[in-house]
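Written out below as structure tokens is the structure these notes cover.
Given the structure is predicted, the values throughout are model-derived calculations rather than measurements.
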Amino acid sequence: QVQLVESGGGLVQAGGSLSLSCAASERTFSRRAMGWFRQAPGKEREFVAIIGGNGIKTYYADTVKGRFIVSRDNAKNTMYLRMNGLNPEDTAVYYCAADLTGTPTNLSKNWRYWGQGTQVTVSS
């Protein structure tokens, strides 16, 4: 059973920064794309960012572009999300995803494995 474990969420004031981590239980994911999604109360899960297997190619949702940075360390089977310039609209549970099964990549239904999520709350 593949496991993805997120960590690093918390409470931060508007304008602040947080870093999230996602540790994968299998080394095979170090060669595959991984992604970040988020879900706010009463809303659907939405795409945040994706990173290619070698960590070079990245793609971001327009709402976070220029503020968030996705990266990975394949030696540690871990993906990261550095979030800068946070605002209350970024408040959500953040999930990491692995094993892309289809396209487009920004749809949650096209990812097979999910972490349990980590809460990010931004106060105004």
Side-chain angles (χ1 to χ4, degrees):
Q1 180 72 24
V2 174
Q3 288 188 331
L4 301 173
V5 180
E6 301 100 335
S7 61
L11 174 64
V12 65
Q13 290 187 333
S17 298
L18 276 178
S19 291
L20 306 182
S21 299
C22 171
S25 63
E26 291 195 0
R27 181 167 291 279
T28 54
F29 289 108
S30 69
R31 300 188 296 272
R32 302 179 187 177
M34 295 184 70
W36 287 101
F37 286 74
R38 66 186 182 185
Q39 188 166 17
K43 295 187 177 181
E44 294 187 354
R45 191 167 298 188
E46 66 172 6
F47 168 77
V48 174
I50 184 174
I51 185 167
N54 59 10
I56 296 176
K57 290 187 177 181
T58 58
Y59 181 73
Y60 298 91
D62 289 342
T63 52
V64 307
K65 195 176 299 181
R67 300 187 297 124
F68 290 12
I69 301 172
V70 60
S71 61
R72 66 193 299 164
D73 184 343
N74 286 339
K76 297 181 179 179
N77 296 344
T78 301
M79 176 179 64
Y80 306 95
L81 185 68
R82 176 65 176 177
M83 305 182 292
N84 301 312
L86 287 162
N87 58 62
E89 290 71 36
D90 296 314
T91 295
V93 177
Y94 283 70
Y95 298 90
C96 64
D99 198 6
L100 190 61
T101 60
T103 55
T105 60
N106 62 347
L107 290 185
S108 60
K109 69 176 184 178
N110 291 328
W111 295 83
R112 187 190 308 273
Y113 297 112
W114 294 87
Q116 83 288 352
T118 185
Q119 177 70 48
V120 171
T121 303
V122 184
S123 63
S124 58

Any donor-acceptor pair under 3.5 Å from Arg82 side chain to Ile69 backbone
no
Output yes when a side-chain donor or acceptor of Arg31 lies under 3.5 Å from a complementary backbone atom of Asn74, and no otherwise.
no
Output all residues satisfying side-chain hydrogen bond (donor to acceptor under 3.5 Å, both in side chains) with Gln3, sequence neighbours left out; order by chain, then residue number.
none
Atom pairs and distances, donor-acceptor, side-chain atoms in residues 98-107, under 3.5 Å, two or more places apart:
residue, atom, partner, partner atom, Å
Asp99, OD2, Arg112, NE, 2.6
Thr101, OG1, Asn110, O, 3.1

Between [atom1] of [X] and [atom2] of [Y], what distance do you get to the nearest 0.5 Å?
X	Y	atom1	atom2	answer
Tyr94	Leu81	OH	CG	7.5 Å
Phe68	Ser19	CZ	OG	10.5 Å
Glu89	Ser124	CD	OG	9.0 Å

When you compare the side chain of Gln116 with that of Glu6, does any pair of heavy atoms fall below 4.5 Å?
yes
Side chain proximity check, Phe37 to Trp111, heavy atoms < 4.5 angstrom:
yes
[X]: what forms a side chain to side chain contact (heavy atoms under 4.5 Å, CB included) with it, not counting sequence neighbours?
X	value
Val122	Val12, Ala14, Leu86, Pro88, Asp90, Thr91, Val120
Val93	Tyr95, Gln119
Thr78	Ser21, Ala23, Lys76, Tyr80
Val2	Ser25, Glu26, Phe29, Tyr113

Just grab all the disulfide (SG to SG under 2.5 Å) pairs involving [range], residues at least two apart or on different chains.
range	value
residues 25-77	none
residues 14-112	Cys22-Cys96
residues 39-94	none

Please tabulate, one pair per line, all N/O donor-acceptor pairs under 3.5 Å involving side-chain atoms of residues 54-63, not counting sequence neighbours.
residue, atom, partner, partner atom, Å
Asn54, OD1, Ile56, N, 3.0
Tyr60, OH, Val70, N, 2.9
Asp62, OD1, Lys65, NZ, 3.1

Quick one: hydrophobic cluster around Leu11, which other residues, with the 4.5 Å side-chain cut-off, linked directly or via members?
none
Report yes or no: is the cationic atom of Arg45 (NZ for Lys, CZ for Arg) under 6.0 Å from the centre of the six-membered ring of Trp114, at an angle within 45° of the ring normal?
yes
